[in-house]
Amino acid sequence: MAQFQEVSKQSGLHPKPAGLVLQYGTAGFRTNAKLLDHIMFRMGLLATLRSKKTKATIGVMVTASHNPEEDNGVKLVDPMGEMVTPTWEGYATQLANAEQEDLLAALKDIIEKEAINMSQEANVFVGKDTRSSSVSLSEAVLDGVSALGGQSKDYGLVTTPQLHYMVCCQNSQGKYGEATVEGYYKKLCKAFIQLTKNASNCTDDQKHLSVDGANGIGALKVREMESHLKRELHLSLFNDGSTGKLNHQCGADFVKVQQKPPTGMQMNSGERCCSFDGDADRIVYYYTDSEGQFNLLDGDKVATLISTFLKELLTQAGLDLEIAVVQTAYANGSSTHYLEDTMKVIVRCTKTGVKHLHHAAKEFDIGVYFEANGHGTVLFSKAAEEKIQQLAEDSNTNDERKRAALLLQNTVNVINQTVGDAISDMLLIEAILAIKGMTIQQWDSIYKDLPNRQLKVKVSDRRVIDTTDAERRAVSPTGLQEAVDSLVKKYSQARSFVRPSGTEDVVRVYAEAETQESADALAHEVSLAVYRLAGGVGGEPKPLH
Ligand code: NG1
Ligand code: ZN
């Protein structure tokens, strides 16, 4: 077939380094940008096949999120803006690792297994982040699409959640919104302005937010959006990419893991600040208090704020909808206690990785899901959206119920339900704080985080660690979980777990305890246990203090 001849010809321009093996992991392929040209071409091919199979538009996003500038990566987006299914993740790995001469056979294998009609048309949306390598890598994706005769639309520089949004808009025939960047700003900002109309007496101080753009795409997009906000939110943008390096000493991942402010940001005491990550799908908030102490409000605090707001609105609206919060093992223990014991909402714990959280959140009328690192969103079931809409349009309802229903309706519209979205989350959080007349300090005081520490341990093969119970317990290697259990017993209010990372060649260690000293000591002792029992390499982990 002519299509396969074209693939053969084009693939010669995107050769695979012999012997290189990469895996489609938690966040797609991610490694040094120099190793990715053939992967991009092949993901263009795979997205075209996925489009033919689903008879829908598929997205391909070129980004390595919070990784260093030198890295890059690629993720496929399914028709409703979701991550691709595990079977297709498997195909992605097969196709990526086929040696040059075996590429056509690998492609034909997928076509056969999935019974793909090759005369079906295909559409692929492509987006990229601001990394310099993203320019040629996204060209390689487009080459892959055209080699198999697919149509593509290149959105150029967009955030990851914007690309997810475009795919969902396209496949819902515009019901979700207009598949343009302008359409995205219009929908979100209109909902934000409607929401904040309910915030009477909102002062200029309350309308001000400092944003750390991680020197990435989020910064560019915030600038683009600003005029749509009609000065209802005043943003001071730092780390906008004009001078600094992407994700270097800044961005949501740096702030969360280091538990300190980004460089390049002017912070006045008490002022509300937030950081995006490199592709703007994560957000964390923070402030320094009058003693200069740094206070972080991570994904758990965001989930608590949003779910409290939604629960109050449901009560006011008299709507009987089940609301749940989905977290991972990294959620601070205090947040889980607060949600379960005080807020009385259902809490679920899943494995790390948004696709697991997203999946679990779909089980409820309203599913609020957030990773502690600030990646998350809210999902509304179709039935929930319909009930909210009916009530908002019901002329026989009283004023309080109507007001709550309208607020819920605008909340649905400000949220990007396809995936965690720093811009959309920021607008929702800002609207909630304005409506509730709440300062960041008041939000922070809803519950007090248990001090915690995250560490990494290098081992020769991280796959020796196998986990169960949403990654909270290790089942191998022998003796590791017992060692963790006995270390945890030494400290008050302590918890710890270990798991192999899905995005880096390390084992992650998490510990929390009553004091920072205890959390640090426990994390160190557990790191030593991992090093000794799971094949540590390099020098032994050193104590933090
Ligand atoms: P790994 O490397 O598997 O821990 C990290 C994050 C995840 C998720 C992915 C994808 C932590 C502890 N882990 O995964 O939550 O965001 O990256 O980006 O934050
Ligand atoms: Zn990201």
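Residue numbers run from 1 in the order of the sequence given. For ligands, and for the atoms within them, numbers begin at 1 and follow the listed sequence. Note that the structure is a prediction, hence the values are computed from the model and not measured.
The nearest non-hydrogen atom to atom 9 (C) of ligand 1, considering only Leu357, Thr160, Thr503, Val507, comes from Thr503. Compare His375, Lys355, Arg508 by their heavy atoms: the one nearest to atom 1 (P) of ligand 1 is in Arg508.
Considering backbone and side-chain N/O atoms, Tyr330 never comes within less than 3.5 Å of an N/O atom of ligand 1. Distances between N or O atoms of Gly502 and those of ligand 1 include at least one value under 3.5 Å. Geometrically, ligand 1 and Glu371 share a nitrogen or oxygen pair separated by less than 3.5 Å.
For ligand 1, the atoms closer than 4.0 angstrom to any heavy atom of His66 are 18 (O). Residue Arg499 approaches ligand 1 through these ligand atoms, each under 4.0 Å from one of its heavy atoms: 1 (P), 3 (O), 4 (O).
For atom 13 (N) of ligand 1, the closest non-hydrogen atom of the protein is Thr352 CG2, 4.0 Å. Nearest non-hydrogen protein atom to atom 11 (C) of ligand 1 is Asn373 ND2, 3.8 Å.
The distance from the Zn ion (ligand 2) to the nearest N/O/S atom of Thr63 is not under 2.8 Å.
In Lys256, neither the side chain nor the backbone holds a heavy atom less than 4.0 Å from any atom of ligand 1. Residue Arg282 touches ligand 1 through its side chain alone, judged by heavy-atom distances below 4.0 Å.
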